[in-house]
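Okay, so here's the structure we're looking at.
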Number of protein chains: 2
Amino acid sequence: MATDPSGATSPQPHPDRPHSAPTLAQVAERAGVSLKTASRAVNGEPRVAEATRERVLDAAHQLGFQLNRAASLLARGLTSNLVGLITGDLANPFYSAVAKGVEQELRSHGMQLTVASSDEEPARERGLIGEFVDRQVRALILVSTITDHSDLSSVQSRGIPVVFVDRPGVGIDADSVLLDNRRGARDAVEHLLAAGHTSIGFIGDLSRLDTHRERFAGFEDAMRAASLDPGRWVRHDAHDVQAALDEARDLLTQPDAPTALFTSNNRITIGALRAMIELDAWPALVGFDDFELADVLGVTVVAHDPVEMGRTAARLALGAMDRRHEGPSGIVLPTRLVQRGSGERLPRG
Amino acid sequence: MATDPSGATSPQPHPDRPHSAPTLAQVAERAGVSLKTASRAVNGEPRVAEATRERVLDAAHQLGFQLNRAASLLARGLTSNLVGLITGDLANPFYSAVAKGVEQELRSHGMQLTVASSDEEPARERGLIGEFVDRQVRALILVSTITDHSDLSSVQSRGIPVVFVDRPGVGIDADSVLLDNRRGARDAVEHLLAAGHTSIGFIGDLSRLDTHRERFAGFEDAMRAASLDPGRWVRHDAHDVQAALDEARDLLTQPDAPTALFTSNNRITIGALRAMIELDAWPALVGFDDFELADVLGVTVVAHDPVEMGRTAARLALGAMDRRHEGPSGIVLPTRLVQRGSGERLPRG
DNA sequence: TTGTATGCGTTATCAG
DNA sequence: CTGATAACGCATACAA
């Protein structure tokens with residue numbers, strides 16, 4: 001019956017287990033209780049005598065016991081307590097702010113955040129999603145660069161909720177938390193129009209992104225409402241600071257350069273700013289997204305709260321993990337125009 | 001007895017298992033092979049007939065099979081493939097750059113990054129370390145705000161390597177990747193001295209942090225070498241932008257205000273910058289850490305590569321997870337002075 | 001090349 | 001309140 005021929009108690013579990021940690025069984029034995037009782041005590045379950053509990057906890061402490069998460073999850077039929085977040089680039093302050101919000105909310109609910117960067121490459125994002133699913137995250141939060149998410153429904157049907165942040169899911173029914181992009185952009189342009197500008201340029205991010213298209217639509221709304229041609233000074237697909245700088249430089253050195261610029265995100269605003277400094281040309285400027293030092297530089301922006309976006313997304317994910325899908329919710333967060341000078345410059349300064 | 005009135009085979013495993021995923025056993029049955037063979041095929045092990053493998057893979061695909069990580073780890077005696085990173089604040093660009101580097105390196109080695117923020121609070125950091133250990137990360141990477149790490153040796157003895165980034169471990173023998181803080185600070189101050197400044201102020205972060213103390217030591221080195229009193233305009237413990245702003249304002253409004261400032265990190269530099277703008281006072285300025293728009297603002301800095309720091313730290317962690325401790329290695333990364341104007345202003349502008 | 005039996009550490013069932 | 005025993009899903013001897 002006994003596995004051990006000698007009388008001594010020596011488990012001798014696996015040949016080359018890295019650091020064989022003490023098990024609950026050992027704790028139980030030391031405390032002189034059964035496995036289940038030890039389990040109860042360790043997990044703080046109610047039906048345990050106070051004395052017993054203390055004895056177990058003592059033994060656990062002495063042995064340096066630590067619950068084996070994998071075994072615990074397995075026994076409970078769960079898989080992990082990880083939530084995956086994929087953004088374009090963790091080093092971009094917008095994304096890292098979102099990540100911070102997600103992490104805060106998740107942690108306060110006993111979940112862990114694991115992150116990855118897609119570098120805004122759809123193929124890479126797909127790969128990462130696959131990896132995360134393989135590793136059995138409980139939920140997936142995406143700032144997605146993919147333009148069609150219909151194949152992600154297989155992820156959902158695996159019981160893994162998907163939450164879209166900043167950019168909506170396309171061809172899929174899923175939770176999302178977005179900004180009121182169109183409205184924010186319209187506000188910005190109307191602000192420029194109110195200052196008397198009639199020639200307003202637009203520099204935008206990757207045109208395949210919904211966020212971009214919405215902001216452009218807002219730009220168009222405002223221009224059209226003012227009976228102006230929205231298509232005159234428009235540049236798309238400036239997807240990093242350098243590209244934005246190039247576009248801005250080009251725009252501002254035209255013979256009929258616009259007197260004002262609306263830039264569609266923080267990277268682009270910064271690129272445009274660099275061009276303006278380089279050329280010493282100072283059109284009015286309003287940028288989407290706030291950024292550090294924008295106040296110092298006097299840049300008027302369409303601000304919002306990325307940390308709150310992250311928190312909200314995490315809340316949606318947590319909700320979807322429990323209650324079975326009571327129809328996805330799309331949350332839209334507001335933006336607000338923050339005037340700092342650059343957006344208030346007049347047409348002929 | 002049977003929960004299923006019909007005679008069909010229905011396992012009915014757990015009452016409320018979220019989404020009972022197909023198991024390897026089911027795959028094996030469908031493919032008409034044994035569990036072990038299925039396991040081999042799925043894991044890409046060598047000893048399987050090509051035809052069998054295909055049959056298994058087919059079945060797996062049809063069932064939407066997915067390996068249960070928890071079970072797999074448990075059976076192998078492993079615990080997780082997570083590496084934990086704790087920094088002060090994910091939203092701080094320095095930390096998020098480090099995180100990016102860590103993530104890159106980890107992912108390319110099949111590991112996953114999980115993150116948390118300590119808010120620079122030692123107690124919170126301790127709590128997070130405990131959580132991470134509980135959740136059995138394979139390694140811990142810390143930008144630590146704790147001043148004594150001797151109790152972390154229990155983490156190491158559990159087989160979890162600890163790697164310190166940016167700030168060294170105290171009272172513990174562990175891997176670390178640091179900057180040459182003292183040297184970088186000395187370079188900065190010597191640069192100011194070379195421009196003819198004799199009254200140079202210092203504004204530093206939390207003085208309990210080694211990083212801070214080293215940078216201050218570098219400041220002192222340079223001042224002493226120039227036979228100047230280093231203690232005249234020194235402010236410690238400015239641990240956020242606002243505090244730095246306050247200290248800088250105070251310093252610059254003294255009757256004998258210094259003609260130059262050395263600020264010990266990116267937050268402080270930005271705070272000082274704000275004070276300078278507010279007061280329209282323009283002492284020479286050199287800051288430790290580069291930051292976005294520093295070039296636009298013409299700020300001379302002691303630059304380094306935080307992404308590379310992260311990568312290096314991850315490499316150390318990965319190394320320590322394999323080879324059993326061949327003595328911890330302390331890596332020191334260089335800094336370089338980047339002149340952009342603010343550090344080149346002369347004593348009497 | 002394939003299959004059988006057994007164990008990984010925990011939790012759940014259900015009877016004491 | 002406590003305890004024996006059977007899962008959980010997979011991987012590893014060791015045979016066949």
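So that the names make sense, note that chain A is the first sequence line, chain B the second, and so on, each numbered from 1. This is a predicted model, so every value here is computed, not measured.
- A:L35 comes within contact range of at least one nucleobase, with a heavy-atom separation under 4.0 Å.
- Spacing between atom CG of B:L73 and atom C1' of D:dC8 amounts to 14 Å, rounded to whole angstrom units.
- Near-neighbour residues of DNA chain C inside residues 50-61 of chain A, defined by a heavy atom below 4.0 Å, are absent.
- Nearest nucleotide to the side chain of B:V33, out of C:dT10, C:dG3, C:dT1: C:dG3.
- Rounded to whole Å, atom P of C:dT10 lies 9 Å from atom CD of A:Q66.
- Contact annotation: side chain of A:K36 to base of C:dA12, donor-acceptor pair present below 3.5 Å.
- Distance B:E29 CD to D:dG9 P: 14 Å, rounded to the nearest Å.
- Residue pairs meeting the salt bridge (charged side-chain N to carboxylate O under 4.0 Å, His left out) criterion with at least one member in residues 54-74 of chain B: none, sequence neighbours excluded.
- Between A:E105 and A:R315 a salt bridge is recorded (basic side-chain N to carboxylate O distance below 4.0 Å).
- Of the candidates D:dC10, C:dT2, D:dA4, D:dA4 carries the atom nearest the A:S34 side chain, counting heavy atoms from C-beta on.
- Between A:S72 and the phosphate of C:dT11, there is a side-chain N or O to OP1/OP2 separation shorter than 4.0 Å.
- Nearest nucleotide to the A:L24 side chain, out of C:dT10, D:dG9, C:dG3: C:dT10.
- Residue B:D148 comes nearest to B:V170 through the heavy atom pair OD1-O, 3.6 Å, listed as atom of the first residue, atom of the second, then distance.
- Contact annotation: A:N43 side-chain N/O to C:dT11 OP1/OP2 distance is under 4.0 Å.
- For B:E103 against B:L113, the heavy-atom pair with the smallest separation is CB-CD2, 3.8 Å.
- Going from atom CG of A:N68 over to atom P of D:dG9 covers 16 Å, rounded to whole Å.
- Side-chain N/O atoms of A:T37 include none lying less than 4.0 angstrom from OP1 or OP2 on D:dT2.
- Between A:S39 and C:dT10, a side-chain N or O to OP1/OP2 separation shorter than 4.0 Å is absent.
- In this structure, a donor-acceptor pair under 3.5 Å is present between the side chains of A:S72 and A:R76.
- Judged as a salt bridge (charged side-chain N to carboxylate O under 4.0 Å, His left out), the pairs with a partner in residues 78-91 of chain B (not counting sequence neighbours) are, in order, A:K100-B:D89.
- Partners of B:F164 according to the ring pair (Phe, Tyr, Trp, His ring centres under 6.0 Å) rule, which considers only residues two or more places apart in sequence or in another chain, are B:H149.
- Here the CD1-OG distance, from A:I172 to A:S144, works out to 9.5 Å after rounding to the nearest 0.5 Å.
- The two residues B:T145 and B:S118 have their closest heavy-atom pair at CG2-OG, 4.2 Å.
- Within a 6.0 Å sphere centred on CD of A:Q66, other residues, nucleotides and ligands contribute more than 12 heavy atoms.
- For A:E45 and C:dT13, the CD to C1' distance is 13 Å, given to the nearest whole Å.
- Which of D:dA11, C:dC8, C:dT11 sits closest to the side chain of B:L74 comes down to C:dC8.
- Among all heavy-atom pairs drawn from A:V56 and A:V27, the shortest one is O-CG1, 3.7 Å.
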Set out, line by line, the N/O atom pairs under 3.5 Å between protein and nucleotides 14-16 of chain D.
none

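- Rounded to whole Å, the distance from CZ on A:R69 to C1' on C:dT11 is 13 Å.
- A:L78 has its CG atom 9 Å from the P atom of C:dA12, to the nearest Å.
- A donor and an acceptor atom, one from each side chain of B:S34 and B:T37, are located under 3.5 Å apart.
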- prompt: What's the verdict on salt bridge (Lys or Arg N to Asp or Glu O under 4.0 Å) for B:R167 and B:E125, showing C-alpha distance, side-chain angles and the deciding distance?
  reply: CA-CA 14 Å; B:R167 308 165 191 166; B:E125 182 178 338; over 6 Å; no
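- Rounded to whole Å, the distance from CZ on A:R135 to P on D:dC10 is 16 Å.
- From one end of the helix from C:dT1-D:dA16 to C:dG16-D:dC1 to the other, with five pairs defining each end axis, the axis direction shifts by 30° (rounded to 10°).
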